[in-house]
Amino acid sequence: MTVRTRFAPSPTGYLHIGGVRTALFNWLFARRHGGQFILRIDDTDLARNIDEALDPILEGLRWLGIDWDEGPGVGGPYGPYFQSQRADRYRTAAEKLLASGHAYRDYATPAELDEERKAAQAAGKPFLYSRRFAAFDDAAAARFEAEGRKPVVRLKMPREGSLVLEDAVRGRVEFAWEREQDHVIQRADGSCLYHLASVVDDHDLAITHVIRAEEHLSNTPRQAFIALSLEYELPGYAHLPLVAEPGSRTKLSKRKLATYLKNQDFRRVMEHGQAIAERIGLTGEADTFNPVIVDFYREVGYLPWAIDNYLALLGWSFDDKTEFFTREELIEKFSLERINASPASFDPKKLWAVEDHYMAALPVEEKLALMLPYLEKAGLVASPPTAEQREIVGKVIEAAGDRLKVAGDILAYADFFLVDEPEMDPAAVAKRLAKPGVRPLLEAFTAAARETEPFEPGPLEDALKATAEAAGAKVGDLVHPVRVAITGRGVGPGLYDYLAILGRERSLARLERALPRCG
RNA sequence: GCCCCCAUCGUCUAGUGGCCCAGGACGUCGGAUUCUCAGUCCGAAAACCGGGGUUCGACUCCCCGUGGGGGUGCCA
């Protein structure tokens with residue numbers, strides 16, 4: 001039997017981090033077993049701008065390297081892969097259920113149902129519909145119709161016995177049938193509901209393993225009932241632990257963004273991203289541009305595999321030591337058995353550390369390819385960049401080293417090489433330049449730099465140290481003012497590298513321009 | 001209310017009765033290196049939710065609490 005898994009997102013316009021984790025696990029499991037991963041679109045709500053709402057999701061998955069064997073864009077033998085195009089399949093299934101007595105037409109109004117529900121709750125009893133508006137024969141149906149009622153189709157759930165399921169993550173779980181509601185599977189207007197659609201689709205698409213979030217665990221009995229009644233073979237189930245809010249156990253939701261932003265780590269990641277977005281002219285709406293949504297990471301320039309690797313560790317582990325995996329390793333090592341059952345909270349700090357790890361390991365050439373587009377978007381280099389610009393940026397990347405965590409970080413490290421007059425950070429100027437005694441030091445170094453030959457890091461270091469020593473000052477007393485003069489900032493990579501990258505002429509010009517601001 | 005799931009350092013986790021006075025990682029704190037920042041290196045603090053069983057022996061098994069979460073929709 002070929003393993004077939006699926007990810008079935010609704011076209012909401014964004015790809016949620018928890019959704020990605022689900023997609024990733026499905027994809028990994030399919031790849032692990034040489035099976036197929038199917039992308040199905042749960043668009044029963046018939047959103048108008050389906051493409052617009054779907055694109056970010058497809059793009060996000062592609063970016064993450066989660067490729068699908070069947071679904072939008074690639075087709076496949078089991079299509080269509082949009083629920084909106086499969087409505088007749090659901091209606092046929094509903095008819096079958098009706099005919100076999102596993103469902104019935106119900107004429108109760110929502111208000112009447114609600115009344116029963118409330119009464120049960122008030123009595124402290126589990127709610128069980130009385131079925132008093134159920135039409136089990138035509139005569140009853142005609143009577144209700146005569147009253148002007150419209151029917152929905154409800155499941156006729158068993159009222160005794162229980163369902164025992166073997167969940168790959170949770171083990172044996174048992175549900176008493178009598179606790180299950182007679183859920184509606186078809187609305188009064190004839191359209192069908194999620195649970196029916198989902199079960200029919202999983203069967204039609206020959207899905208062998210349903211791997212989904214834990215929030216669906218309680219839904220499983222009613223879905224299993226539908227499947228069993230339709231004489232489908234039950235798929236294997238694996239209910240993944242919830243991805244929870246940072247520092248909490250509550251399900252991560254994009255609606256509660258404001259709450260998450262109170263979390264310091266989360267806010268830092270957000271602000272870091274916003275700073276980059278601003279410079280590349282991204283009008284980041286908080287709705288989609290935030291650390292709960294995958295687009296955020298793509299736009300800011302995280303490495304997709306860092307996200308995948310981090311997410312794989314959210315609820316799954318290989319052993320007590322291994323944390324980094326290549327794509328091939330992860331596929332080879334992934335298994336449902338090692339999925340943890342308890343919820344895992346999303347930790348932006350850990351994601352950051354994983355990103356740091358992969359970015360640090362990336363060869364300069366690859367970083368360059370990733371980072372140049374950011375400088376282009378910010379208008380700091382030509383489009384395409386000139387050979388000279390490429391060279392400068394390449395050198396900056398080398399000098400900046402591990403300081404570049406995401407591709408967008410290049411903006412803060414290369415900008416002052418690409419403009420004639422860098423902006424001066426007032427705080428840095430006040431702290432390092434506008435102090436008594438700085439000016440003569442800087443003048444002395446300017447003179448020394450004029451003569452330094454060649455204008456390379458080594459000789460420059462010697463020159464600076466000699467200058468400081470001659471003036472009876474510490475190296476730091478000179479390094480800091482020079483950095484501010486050159487870059488406009490108080491912190492940054494090795495100064496000698498930066499001087500060399502900038503070149504003699506431009507370095508001297510900046511040093512001279514800084515002199516008047518000295519104390 | 002009712003049903004279901006979950007419970008090890010702040011966080012992600014290892015641990016399937018003795019190897020555990022609980023291991024790793026992120027983060028935190030301290031130190032070293034350095035021109036700042038980043039990094040790197042060294043070191044430290046930090047957890048088995050509570051109570052009962054079972055057992056020669058429980059983080060590991062069972063029960064009960066407690067806490068957290070999910071479901072309970074003509075949402076998905």
Side-chain angles (χ1 to χ4, degrees), chain A residues 8-10 12 42 44-45 83 106 108-110 113-114 117-118 120-128 150-154 167 169-170 173-176 178-181 183-189 191-195 197-198 213-222 239 241-242 244 246-251 265 310 313-324 338 340-354 356 360 400-405 409 413 428 431-432 461 464-465 468 474-480 482-484 489-496:
Chain A
S10 300
T12 49
D42 279 11
T44 45
D45 274 354
Q83 287 198 330
D106 181 51
T109 63
L113 244 295
D114 208 42
R117 225 188 307 266
K118 284 202 175 112
Q121 202 175 111
K125 286 195 188 141
F127 168 59
L128 254 195
K150 287 257 182 270
V152 296
V153 177
R154 282 184 189 280
D167 186 280
V169 175
R170 283 153 221 279
V173 274
E174 184 169 358
F175 303 88
E178 58 176 349
R179 286 292 108 88
E180 287 300 315
Q181 308 303 319
H183 290 281
V184 174
I185 53 173
Q186 187 170 23
R187 295 185 180 95
D189 68 4
S191 62
C192 291
L193 268 353
Y194 168 77
H195 293 297
S198 185
E214 196 212 289
E215 56 190 298
H216 289 289
L217 184 60
S218 308
N219 297 334
T220 307
R222 83 192 68 142
H239 286 93
L242 243 43
S248 150
R249 297 279 189 194
T250 313
K251 180 182 158 189
D265 308 316
Y310 169 72
L313 261 17
L314 217 52
W316 175 87
S317 67
F318 174 64
D319 58 17
D320 60 335
K321 299 261 155 61
T322 322
E323 294 218 288
F324 297 111
R338 292 201 58 86
N340 210 83
S342 51
S345 81
F346 174 66
D347 181 3
K349 286 197 305 278
K350 180 93 180 200
L351 203 203
W352 182 258
V354 175
D356 186 7
D402 295 340
R403 294 169 185 81
L404 301 167
K405 310 292 188 195
D409 282 340
Y413 286 90
K431 187 173 175 194
R432 301 300 192 184
E461 180 168 1
L464 186 139
K465 284 184 172 161
K474 281 184 289 186
V475 174
D477 295 336
L478 182 50
V479 164
H480 296 302
V482 174
R483 170 177 290 106
V484 176
R489 282 167 219 173
V491 296
L495 179 63
Y496 312 118

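Chain identifiers are assigned alphabetically (A, B, ...) following the order of the sequence lines, protein sequences preceding nucleic acid strands; residue numbering begins at 1 within each chain. Since we're looking at a predicted model, the values are computed, not measured.
A heavy-atom distance below 4.5 Å is found between the side chains of A/K465 and A/E461. Contact check for A/L113 versus A/D106: side-chain heavy atoms found under the 4.5 Å cut-off. No side-chain heavy atom of A/W316 sits under 4.5 Å from any side-chain heavy atom of A/V169.
B/rU40 is paired with B/rA32 under the criterion used here, namely a Watson-Crick or G-U wobble arrangement in which both key atom distances are under 3.5 Å. If you check B/rC2 for Watson-Crick or wobble pairing at under 3.5 angstrom, you find it paired to B/rG71. Nucleotide B/rC26: paired with B/rG10 (Watson-Crick or G-U wobble, both distances less than 3.5 Å). Pairing partner, B/rC59: none, since no Watson-Crick or wobble contact has both distances short of 3.5 Å. Pair assignment for B/rG65 gives B/rC49, based on Watson-Crick or G-U wobble hydrogen-bonding distances that are each under 3.5 Å.
For the C1' atom pair drawn from B/rU33 and B/rC20, the interatomic distance equals 36 Å after rounding to whole Å. Rounded to a whole angstrom, the distance from the P atom of B/rC9 to that of B/rC4 is 26 Å. On the P atoms, B/rG18 is 26 Å away from B/rC12, given to the nearest whole Å. Nucleotides B/rU11 and B/rG27 have their C1' atoms positioned 8 Å apart, rounded to a whole Å. A distance of about 13 Å separates the C1' atoms of B/rA14 and B/rU60, rounded to the whole Å. The same atom, C1', is picked in B/rC3 and in B/rG52; the two are 26 Å apart, to the nearest Å. B/rC29 and B/rG10 have their P atoms separated by 16 Å, with the value rounded to a whole Å. Rounded to a whole angstrom, the distance from the C1' atom of B/rU34 to that of B/rU40 is 11 Å.
When atom types are taken as modelled, the side chain of A/R432 and the backbone of A/V482 share no donor-acceptor pair closer than 3.5 angstrom. Looking only at distances, a side-chain donor or acceptor of A/Q181 sits under 3.5 Å from a matching main-chain atom of A/F127. A donor-acceptor pair under 3.5 Å is formed between the side chain of A/Y310 and the backbone N or O of A/D347. Between the side chain of A/R338 and the backbone N or O of A/S317, at least one donor-acceptor pair lies under 3.5 Å. Proximity of a side-chain donor or acceptor of A/D167 to a complementary backbone N or O of A/H239 within less than 3.5 Å is detected. Remark: side-chain polar atoms of A/R170 are paired, donor with acceptor, to backbone N or O of A/A341 under 3.5 angstrom.
Nucleic acid contact for A/A197: none, since no nucleic acid atom lies under 4.0 Å from a heavy atom of the residue. Counting any heavy atom pair closer than 4.0 Å across all strands shown, A/L464 reaches no nucleic acid atom. Residue-level contact check: A/V152 touches the bases, meaning some heavy atom is under 4.0 Å from a base atom. Note on A/R489: nothing from the nucleic acid sits closer than 4.0 angstrom, heavy atoms only. Across all strands, A/A188 comes closer than 4.0 Å to base atoms (heavy-atom distances). Nucleic acid contact class of A/H216 (heavy atoms, under 4.0 Å, all strands): base. Across all strands, A/V354 comes closer than 4.0 Å to no nucleic acid atom at all (heavy-atom distances).
Shown are A/K405, A/R403, A/K350, A/K349; of these, the salt bridge (charged side-chain N to carboxylate O under 4.0 Å, His left out) with A/D356 is made only by A/K405.
Distance CD (A/Q181) to P (B/rC4): 14 Å, rounded to an integer number of Å. For the pair A/E214 CD and B/rC3 C1', the interatomic distance rounds to 13 Å; values are reported in whole Å. Atoms CG (A/L128) and P (B/rG73) sit 12 Å apart, rounded to a whole Å. Across the protein-nucleic acid pair, A/L217 atom CG and B/rC4 atom P stand 11 Å apart, rounded to whole Å. For the pair A/R117 CZ and B/rG71 P, the computed distance is 15 Å after rounding to whole Å. The distance from atom CG of A/L193 to atom P of B/rG71 is 16 Å, rounded to the nearest whole Å. If you measure from atom CZ of A/R222 to atom P of B/rA76, you get 12 Å, rounded to the nearest angstrom. Nucleotide B/rU11 holds its C1' atom 13 Å from the CG atom of A/L351, rounded to whole Å.
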| request: List the protein contact pattern of nucleotides 12-25 of chain B with one symbol per nucleotide (5' to 3'): B for base contact, S for sugar-phosphate-only contact, - for none; contact means a heavy-atom distance under 4.0 Å. | output: SSSS-------BBB

| task | At under 4.0 Å between heavy atoms, which parts of nucleotides 28-50 of chain B does protein reach? Answer with one letter per nucleotide, 5' to 3': B base, S sugar-phosphate only, - none. | result | -------BBBBS-----------

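A/D402 is linked by a side-chain hydrogen bond (donor to acceptor under 3.5 Å, both in side chains) to nothing, counting only residues two or more places apart in sequence or in another chain.
Considering only side-chain atoms of A/Q121, the nucleotide from B/rG1, B/rC2, B/rG70 that sits closest is B/rG1. For A/K251, the side-chain atoms get nearest to B/rG70 when compared with the rest of B/rC5, B/rG70, B/rC6. Comparing B/rG27, B/rC5, B/rA76 against the side chain of A/E215 picks out B/rA76 as the nearest.
The aromatic rings of A/H183 and A/H195 sit tilted, their planes meeting at an angle between 30° and 60°.
Both A/K125 and A/D265 lie near RNA chain B, and the one whose nearest nucleotide falls closer to the 5' end is A/K125. Comparing A/R179 and A/R154 by the nucleotide of RNA chain B that holds the closest heavy atom to each, the one mapping nearer the 5' end is A/R179.
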